[in-house]
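Take a look at the structure below.
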Protein chains: 2
Amino acid sequence: MKIEKQERIINAAMKEFIKSGYDKASTNEMVKDAQISKGSLFNYFSSKKDLYLFLIQNTVNIIEEIYVEIDMTERDIFERISQVGFIKLNIQKKYPLVFDFLKSLLEEDAQEVKSDINQLLANIQRDGMKRIYENIDWSKLREDIDPEKAMNILNWTMAGFAELQIAKIKSFEHVRVELFNEWDRYREILKRSFYKNGEE
Amino acid sequence: MKIEKQERIINAAMKEFIKSGYDKASTNEMVKDAQISKGSLFNYFSSKKDLYLFLIQNTVNIIEEIYVEIDMTERDIFERISQVGFIKLNIQKKYPLVFDFLKSLLEEDAQEVKSDINQLLANIQRDGMKRIYENIDWSKLREDIDPEKAMNILNWTMAGFAELQIAKIKSFEHVRVELFNEWDRYREILKRSFYKNGEE
DNA sequence: AAAACATTGACCAAAGTGGTCATTTTTTGT
DNA sequence: ACAAAAAATGACCACTTTGGTCAATGTTTT
């Protein structure tokens, strides 16, 4: 099957599952959006559930790329967090729905798929943030700053910044080259604030 | 009508609208959850749309309390932001669904109610954050820090912290007294980071 | 005990559900 | 050019759910 059609189907299905949750997601809406016939969809997937589970597995595979791509030898927290952000941005560009779909999975509570979700997400949930921030050198931090709190502030700032940029991109419909410069400003503020004088 | 029953209906309706969006929200589910009969619901409200619009107006009224309660003479950003957080926390305690419902309104795209939403939300959207951070004294900030970025970092941190605490409360089912101490730690970190030495 | 008001849930036509399959269209091998 | 195989279609199915109604029943007030 043409890869473009595959993506059309996957995206349409994800979009509908995100919007409506498993139970209320309509296969009719999916085929309309993907511009294929009802019959085709049920040729590719034996049931709605089958399709849903495929999408979950697909999502897990994509998300796991993050862990693989992280350079664990980079021990500076600001470098590491920028790295993760960069990887996530690339994923977002390639698969714009994948994070929203993941979020919808965590909120899903339909009995029919609940256990399957937990099972398939087990791997990426188990470690979560911990794996991403393994082997970080905290010694550069000012001593009066709790590393865990610093990490939280960084994470929240990163997430907030990302959300803001995505909103901008979605509304203005043009990717900003200044994006990374802008992030660097935030990075500088926090770095100067959190690190001991003279470090790095 | 008994106030307790009113709240049961409002909460059940909001819950269902949050979960399913306007179109797919089921009035049957609402009456089941609120433990009233179908007939009663349509006695109180002439239609699903009528109910929805009532909930929006109700939400707007509640949210607007925030603006009223802010002490505009407090010009320190950290005080102000803690104030807003405190007000929001109280609203969250009294009306646990109101912020989720507000969020769901912003994501709603059903044609039948889209224009009504925009109209009713116009007031609280127009100014948004601006009104909350009016008349702040930025002179205490270190000169190498852009006030707008500082404000963003603060906002994101506050939101992240709140989310974390709500998650904790929801899962552990007991409100933490240490909550404000914990927030004060974050506040200290950011204050020491952002303010000139010796300020405040 | 009568009148006024509140609440109920069986009921309705209409719309939507996940899934099927005989039929048509497209692709393939020769 | 043609037939066989593969892929795609959408009308159709039985079933569920939808928002909304209203005659009947319960509850209060006068």
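Convention: sequence-line order gives letters A, B, ...; per-chain numbering from 1. These figures come from a predicted structure and were not determined experimentally. Side chains are part of it too, since the values below use all heavy atoms of this structure and drop only hydrogens, waters and symmetry mates.
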Note to self: I'd like to know if B:R187 pairs up with B:E79 as an ion pair, taking the criterion as any Lys NZ or Arg NE/NH1/NH2 lying under 4.0 Å from an Asp or Glu carboxylate oxygen.
What the structure shows: yes
B:R8 meets the side-chain contact (heavy atoms from CB on, under 4.5 Å) criterion, sequence neighbours left out, with B:E4, B:K5, B:Q35, B:I36
For residues 18-33 of chain A, the salt bridge (charged side-chain N to carboxylate O under 4.0 Å, His left out) pairs (sequence neighbours left out) are A:K15-A:D33, A:K24-B:E16, A:E29-A:K32
The first and last nucleotides of DNA chain D lying within contact of chain B, meaning any atom under 4.0 Å from one of its heavy atoms, run from D:dT18 to D:dC22
Across all chains, not counting sequence neighbours, the side-chain hydrogen bond (donor to acceptor under 3.5 Å, both in side chains) partners of B:N61 are B:Q57
Each nucleotide of nucleotides 8-24 of chain C classed B (base within 4.0 Å of a protein heavy atom), S (only sugar-phosphate) or -, in 5' to 3' order, makes BB-------BBBBB---
Contacts of A:V113 meeting side-chain contact (heavy atoms from CB on, under 4.5 Å) (sequence neighbours excluded), chain-then-number -> A:Y22, A:K49, A:Y52, A:E108, A:A110, A:I117
| said: Assess whether a salt bridge exists between A:E188 and A:R185, defined as any Lys/Arg side-chain N lying under 4.0 Å from an Asp/Glu carboxylate O. | reply: yes
Check: Under the 3.5 angstrom rule, does the side chain of A:N135 hit a backbone N or O of A:M72 as a donor-acceptor pair?
Finding: yes
